[in-house]
Amino acid sequence: MSNTNIPDLRTLLASRRGGSTRRGARGPPGPPGSSQSGRGAAADDAVRNTDQDAAGSRVSCVELGYLNDPYAKLFATQPSTRRLPLLNRGSYVRTSAIDLLIDRFMSTAPGEPKQIVSLGAGTDTRFFRLQDKYPPAELVYHEIDFPLNTAAKLAAIQRHPQLFTKLPDKAASLTTGATSYSSSSYNVHALDLRSMADSTVEAAPPLPNLNPAIPTLILSEMCLIYLQASTVSSILSKFLTTYIPAPTPVSLILYEPILPNDAFGKVMTSNLASRNIQLPTLSVYPELGDQRARLKQYGFVDGARAADTEWLWRKWVSEEEKERVAGLEMLDELEELELLLRHYCIAWGWRDGGQGVFSKAWGELHDSAEQS
Amino acid sequence: MSIGGSDLDKAIAQLRACRPIPENQVRELCYKARELLIEEGNVVGVDAPVTICGDIHGQFHDLMELFRVGGDVPDTNYLFMGDFVDRGFYSLESFLLLLCLKVRYPDRITLIRGNHESRQITTVYGFYDECVRKYGSANVWRYCCDVFDFLALGALVTGAATSLSPTEGPLAENAEAMPDIDADIEIETLNSAGEVMFRYARNSDSQTSESSQTLGSSPARPDPTPTRVGAAGTGASGSSNGTSRNEGGAVLCVHGGLSPLIDTIDKIRLLDRKQEVPHEGAMCDLLWSDPDDIDGWGLSPRGAGFLFGGDIVKRFNHNNDISLIARAHQLVMEGFKEMFDNTIVTVWSAPNYCYRCGNVAAILELGEDGSNAGFQRRSNGDRGGGGGGWVLGSNDGTSTRNSTDNLRLPEGPGRRYRVFEAAPQDSRGMPAKKPVADYFL
């Protein structure tokens, strides 16, 4: 809990006298398409607002030295609040494990063009970090998010020279109030992902500059989890058949919670529901095995792996790095940290004919089922 | 304004309603508490019967639930093993209420120090921010921290009966087959409704001692073979049929665990405790260490204290004539967990910890040794300084240095665990903010 969550007792007493003042809509979000209704809109708001939550966590991690990300604070709109050590540790594991997968992808077959599509990217800084690390010409980066989120992001880019100088046209084409942006390396699409799943529309919504012929990595960090399982299937089917058709190599990295049915998982589900946040696919893919199976079902047939973040911390983080990270803050919440880390997973799967860039990049990188 | 007599009762009533008391009353209370605590030794002597509690962490409503389940002060004697503050929303009200009760009923309630009762930790984990938010300044936090420095480091419970008289309560729905009511009941687990979930007898016929048998692993769903769990209990007692029922050893209570620098309880008594918790050394270890399935000592991943194995616990207990170490410090989903042939138990009293973990909580009741009014004191050592005058056996050179297999350990006390869940919010007309727990989003 961040410090701002500590209630001011005096205000509580005052509000108690005035009766209950519960705010915010409750109840499950409507089905896709019902987002015009009050309830659906409130649920969408809740999901959209999760992005600033993530941005705050990232800033906290950077300020304490867990992560090196000079861009994180440029996107955060709220004053930085120091997160609890266990949350910082969790953010660190999540980010560094995904970094490792992406670094392996980027450094395999250097010189060949590659593409990354980040779903619900929000304020993620990955594009800018990759620009510093790899020759810009090799990467086409796409971000998809709600228009409100993309507008805020583009406005932040326009505000900060550290950001807009990373764009190929120095943001020349970036107009004030824009919700979308296109260039040879960086593209921001203002789009409700659910529109891709609409089966009544023949054509998929256009994603300008998306190259159907170069190896593409799709990234969902806490994004697809907010949609219905059937919607997620439709969206990924659109990607694997329409946007990035075979034989172009394509892969998916998922970061999301698991294990909703044990004591911790039940409390998590109900706590988030009280914030109007539903995680529809959590109960559909509750375990690591379900995550692997779903990747195969989507068509990532050449590799389908998953591990929880507790395992990833133990196995993917070097002893030296563990020591460095452990030294950053005194961590008294060990049992709780382990619980928390075991309830989040990274799942990654790919389709590349078994000999493509993803098989080369990730073939040797085992998960918790293959290597305990 | 003074906080004696009726003022104190008023403050208690106000805090019970989860309303903070004015700053000047806090100052007065903390001053009184310090006067009281300064007289206590590093290891407080406590007579059974007593109810031993683990971490509270500012979960005020759950502390009220604890009192509902365990009985109110002063009707029940309590021993709280630290970590009153941090993490939860009501550290202030929880700690001040316990402190008021301590000042009001000094012989009925014992408070020892946890690793969170420290200036450094409370600035990271919430108590400091809570005080500033509720009072507009850090004064109250400072008064409380000054009290923390005077809290005892441990307690030694004596006079506990080695067997329980079975609770005459209804059986819980999923209760296991119970042993004969006339048997020597060693352990009982009750739910918050007072229903017996689990009970077993000290069965000295079976000597199948299983290392690190964990009784607490599933009290809600009892082990299908409770006699085997019972056997682990006998393994710890190492006694044969006909042992006198009431010659149990004492129970050492400490927040974290043991220290490689401490091999006798007298060495705890010699520490200078009236200071901020140091980053290393014996005092730090007592508040930070954890038992683990290792041999000997290990480095703690917490960055403070050590890990210690079953051999360390058994040797320590043997050398100090202790039958059980009760400690807190680690979240256990089932509320309590016995380890190392029942020579150490972790008691955790913060249900649904941080409003997020989904765990149940427990308290440990030790009964009074009825037949022998007062524990039989042994006098083969000199009197320890301070405390309640409990005297340790010194046992020089009687233990085997390398093997703990043959150590004869004193028979453990009868243990009644009451398991309880988080209090329903808004249930008692007290202000209760809907807690917001952080997740990765």
Side-chain angles (χ1 to χ4, degrees), chain A residues 1-13 15-16 20 22 47 49-54 57 82-87 90-91 94 221-222 225-226 255-257 262-268 271-272 274-275 277 309 322 326-327 329-336 338-340 343-344, chain B residues 18-20 58 83 86-93 115-116 120-121 124-136 220 279 288 290 300-304 329-334 348 352-360 422 426 429-441:
Chain A
M1 262 147 273
S2 56
N3 303 337
T4 51
N5 288 328
I6 296 169
D8 183 333
L9 226 59
R10 289 164 298 188
T11 55
L12 278 171
L13 287 170
S15 75
R16 206 159 63 92
S20 166
R22 177 165 286 168
V47 169
N49 292 336
T50 61
D51 182 47
Q52 271 308 317
D53 204 281
S57 299
R82 182 182 173 137
R83 301 292 158 113
L84 288 173
L86 91 163
L87 289 169
S91 297
R94 155 200 191 161
E221 286 187 70
M222 286 305 295
I225 186 86
Y226 298 119
Y255 168 79
E256 54 188 46
D262 63 10
F264 181 96
K266 281 179 185 156
V267 174
M268 169 165 70
N271 277 348
L272 289 176
S274 70
R275 292 168 63 177
I277 295 171
T309 48
K322 275 197 195 103
E329 286 183 285
M330 188 180 262
L331 186 114
D332 179 47
E333 324 132 281
L334 276 179
E335 299 75 32
E336 201 190 352
E338 223 177 277
L339 261 180
L340 190 67
H343 284 79
Y344 287 84
Chain B
C18 199
R19 296 204 310 273
D83 278 14
D86 281 342
R87 307 306 305 273
F89 290 135
Y90 304 100
S91 291
L92 182 80
E93 293 81 356
N115 63 312
H116 278 261
Q120 198 193 352
I121 298 293
V124 176
Y125 287 99
F127 181 53
Y128 174 86
D129 294 301
E130 186 186 325
C131 290
V132 169
R133 202 174 166 85
K134 288 175 179 172
Y135 288 96
H279 289 265
W288 278 91
D290 299 306
S300 170
R302 293 183 201 264
H329 195 39
Q330 279 179 296
L331 166 67
V332 275
M333 294 300 282
E334 298 79 15
W348 181 265
N352 196 21
Y353 179 45
C354 294
Y355 317 104
R356 172 165 58 194
C357 290
N359 60 291
V360 295
D426 291 319
M430 289 176 283
K433 182 185 184 229
K434 187 95 187 156
V436 180
D438 272 341
Y439 295 95
F440 300 119
L441 298 172

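The structure displayed is predicted, hence computed values, not measured ones. Labels below follow one simple rule: chain letters A, B, ... track the order of the sequence lines, proteins then strands, and each chain is numbered from 1.
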| remark: Of P257(A), S57(A), S91(A), the largest count of non-hydrogen pairs under 4.5 angstrom with chain B goes to S91(A)
| task | Please answer whether the main-chain N or O of Y355(B) pairs with a side-chain N or O of N271(A) as donor and acceptor at a distance below 3.5 Å. | result | yes
| query | Between D262(A), L339(A), D53(A), L334(A), which shows the greatest number of heavy-atom pairs under 4.5 Å with chain B? | reply | L334(A)
| note | If one checks every heavy atom of D332(A) against chain B at 4.5 Å, the contacting part turns out to be both
| task | Quick one: closest heavy-atom pair of L86(A) and R356(B), and the distance? | result | CD2-NH2, 3.9 Å
| said: Suppose we screen for ring-ring contact (aromatic ring centres under 6.0 Å, His included). Which residues come up paired with Y344(A), at least two apart in sequence or across chains? | reply: Y255(A), F440(B)
| request: Return the option, out of Q120(B), H116(B), H329(B), M333(B), with the maximum number of heavy-atom pairs under 4.5 Å with chain A. | output: H116(B)
| task | Return the set of residues passing salt bridge (Lys or Arg N to Asp or Glu O under 4.0 Å) with D86(B) (not counting sequence neighbours), or none when no residue passes. | result | none
| message | If I compare all heavy atoms of E333(A) with all of Y125(B), which pair ends up nearest, and what's the gap? | response | OE1-OH, 3.0 Å
| note | Closest non-hydrogen contact found for R302(B) with M330(A) is O-CG, 3.9 Å
| request: Heavy atoms only: give me the nearest G358(B)-A263(A) pair and the separation to one decimal. | output: O-CB, 3.2 Å
| said: Counting only non-hydrogen atoms closer than 4.5 Å, does I121(B) touch chain A with its backbone (N, CA, C, O), its side chain (CB onward), both, or neither? | reply: side chain
| remark: Assert top hit (heavy-atom pairs under 4.5 Å, partner chain B, pool K266(A), E336(A), M222(A)) equals E336(A)
| message | If you count heavy-atom pairs within less than 4.5 Å of chain A, which of P301(B), A304(B), C357(B) leads? | response | C357(B)
| said: Given heavy-atom pairs under 4.5 angstrom as the criterion, report whether the side chain, backbone, both or neither of I225(A) touches chain B. | reply: neither
| request: Write down the atom of R275(A), the atom of L441(B), and the distance for their closest heavy-atom approach. | output: NH2-CD1, 3.5 Å
| query | Taking atom CG of N359(B) and atom CD of E335(A), what is their separation to the nearest 0.5 Å? | reply | 11.0 Å
| Checking heavy atoms, do the side chain of A54(A), its backbone, both or neither come under 4.5 Å from chain B? | both
